[in-house]
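Index from 1, following the sequence. Not measured: the values here are computed from a predicted model. In each ligand, atom 1 is the first atom listed, and ligand 1 is the first ligand listed.
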Amino acid sequence: MKIRKLAFALGAEITGIDLRAPLDATTVTELRKAWLQHLVLVFPDQQLTPEEHIRFSRCFGELELHALKNLQGTTHPEILEITNRVVDGKRSETAEVGRTWHSDGSATLRPPTGSLLYCRAMPEAGGNTWFASMYAAYDALSDRMKQIVDRLETVQDLGYFYGSRGIGTRDPCKVNEDIGDNPAVVQPLVTVHPESGRRALFVNQSLTREIYGMTPAESAGLLNYLYAHATRPEFTYRHYWRVGDLVMWDNRCTQHLAPRDYDPDEVRHMCRTTLKGHPQGRYLRDIPAPAAAPR
Ligand code: SIN
C-alpha cells in the first residue's frame with residue numbers, strides 16, 4: 001500500500017490496495033491512521049459492487065440511513081445515489097446535491113463521522129468535488145478570534161437550507177415533512193475532534209442559519225467572514241474524478257462542495273455511504289430563548 005500526499009492541507013492517494021478483498025485488521029488500522037492524518041483519502045481505479053462498497057465502508061464504523069427518507073436507496077438503503085440521471089422520465093432529486101460548501105448532516109444531532117463516495121459515471125469535463133480542512137481554517141485564525149469563536153454556537157436548520165436554495169423538484173408537502181422530522185439544532189461553532197483532539201471550525205453556508213443569540217446583522221457579518229475564510233484555496237484539495245475512484249472523507253473536520261461545473265446533459269453518477277456519528281448538539285426548541293438582543 002502506497003500513500004501519496006495530494007495537497008498541503010488535506011488529501012492523500014492510496015494505491016496498491018483492492019477494496020473488493022476483505023481487509024485484515026492491520027490494513028484497516030493503517031487506513032484509519034492515514035484517514036485521520038490526511039482527512040480525505042482517494043482510492044483510484046476500484047471496481048466495486050454496491051455490496052463491496054458497503055462492506056468496505058463498514059470497516060470504519062456503522063452506516064447510517066439518510067435523514068431524508070427519499071434519499072435512501074431503494075435496493076441498498078445505505079447508499080445515497082447522487083446523480084443527474086433521468087429515472088422513469090423524472091430528473092433525480094439528488095441532481096443538485098452539494099452545490100454550496102457544507103459538512104454532511106450538520107443540522108442533525110448526530111453529524112456523520114465520514115462519507116465514502118464512489119464514482120460510477122463522470123461527464124467528459126468537470127464534475128469535481130472540492131474539500132476544505134476545517135482544522136487548517138481554525139488554526140489560521142488569530143488567537144483573539146479563536147477566543148471569540150470557541151465560545152459560540154450556531155443554529156443549523158434544514159428549513160433555512162430549503163428557504164435559501166429553493167426546493168427544486170421536491171413536492172412541497174414532502175419538504176414540510178422533512179423539516180418537521182428534522183427540527184433546527186444548536187451546534188458548537190468550534191468542535192473538538194474526538195480522535196485527534198484538534199479543533200475544527202463547524203460552520204457551513206448550506207445549513208448554518210445564524211449564530212445563536214446574536215442579532216441577524218452581527219451573525220451575518222461574522223458568518224460571512226468565516227465562510228470566506230474557511231474555504232481559502234490554501235485549505236483545499238480539489239478532486240478531479242475518474243470512474244472507479246472511491247473518496248473517503250472525515251466529516252468532522254472538513255467541508256465539501258460539488259460545483260455545477262459540467263454539462264448537465266452528460267451523466268454524473270456517484271454513490272455515497274455515510275458513517276454514523278456520535279451525539280452532538282441539542283434541539284433549538286429545547287432551550288430557553290436567549291434574552292432579547294437590541295436591534
Ligand atoms: C455530497 O456528498 O455533498 C456530494 C458530493 C459530490 O457529489 O461530489
Exercise. What is the nearest protein non-hydrogen atom to atom 5 (C) of ligand 1, stated with its residue, atom name and distance?
Worked result: L117 CD2, 3.8 Å
Exercise. Do H102 and F161 have ring centroids that are under 6.0 Å from one another?
Worked result: no
Exercise. Which heavy atom of the protein is the closest neighbour of atom 2 (O) of ligand 1, given with residue, atom name and distance?
Worked result: R272 NH1, 2.9 Å
Exercise. So, does T254 use its side chain to make a donor-acceptor pair with the main chain of A132 at under 3.5 Å?
Worked result: no
Exercise. When you measure from atom 4 (C) of ligand 1 to every protein heavy atom, which one gives the shortest distance, and what is it?
Worked result: I82 CD1, 3.6 Å
Exercise. Is a side-chain N or O of D245 found less than 3.5 angstrom from the main chain of W241, in a donor-acceptor match?
Worked result: no
For this session: Examine distances only and state if a side-chain atom of T108 and a backbone atom of R110 form a donor-acceptor pair shorter than 3.5 Å.
Result: yes
For this session: Determine the interplanar angle of the F56 and F60 rings, folded into 0 to 90°, and report it as parallel if under 30°, tilted if 30 to 60°, perpendicular if over 60°.
Result: perpendicular
Exercise. Of the choices R268, E96, H269, H256, which has the non-hydrogen atom that lies closest to atom 1 (C) of ligand 1?
Worked result: H256
Problem set entry | Any N or O of T129 closer than 3.5 Å to N or O of ligand 1 | yes
For this session: May I ask you to identify the nearest protein heavy atom to atom 3 (O) of ligand 1, giving residue, atom name and distance to one decimal place in Å?
Result: H102 NE2, 2.9 Å
Exercise. Going by the atom numbers of ligand 1, which of them fall below 4.0 Å from some non-hydrogen atom of G98?
Worked result: 3 (O)
Exercise. How are the rings of F235 and H229 set relative to one another: parallel (under 30°), tilted (30 to 60°) or perpendicular (over 60°)?
Worked result: perpendicular
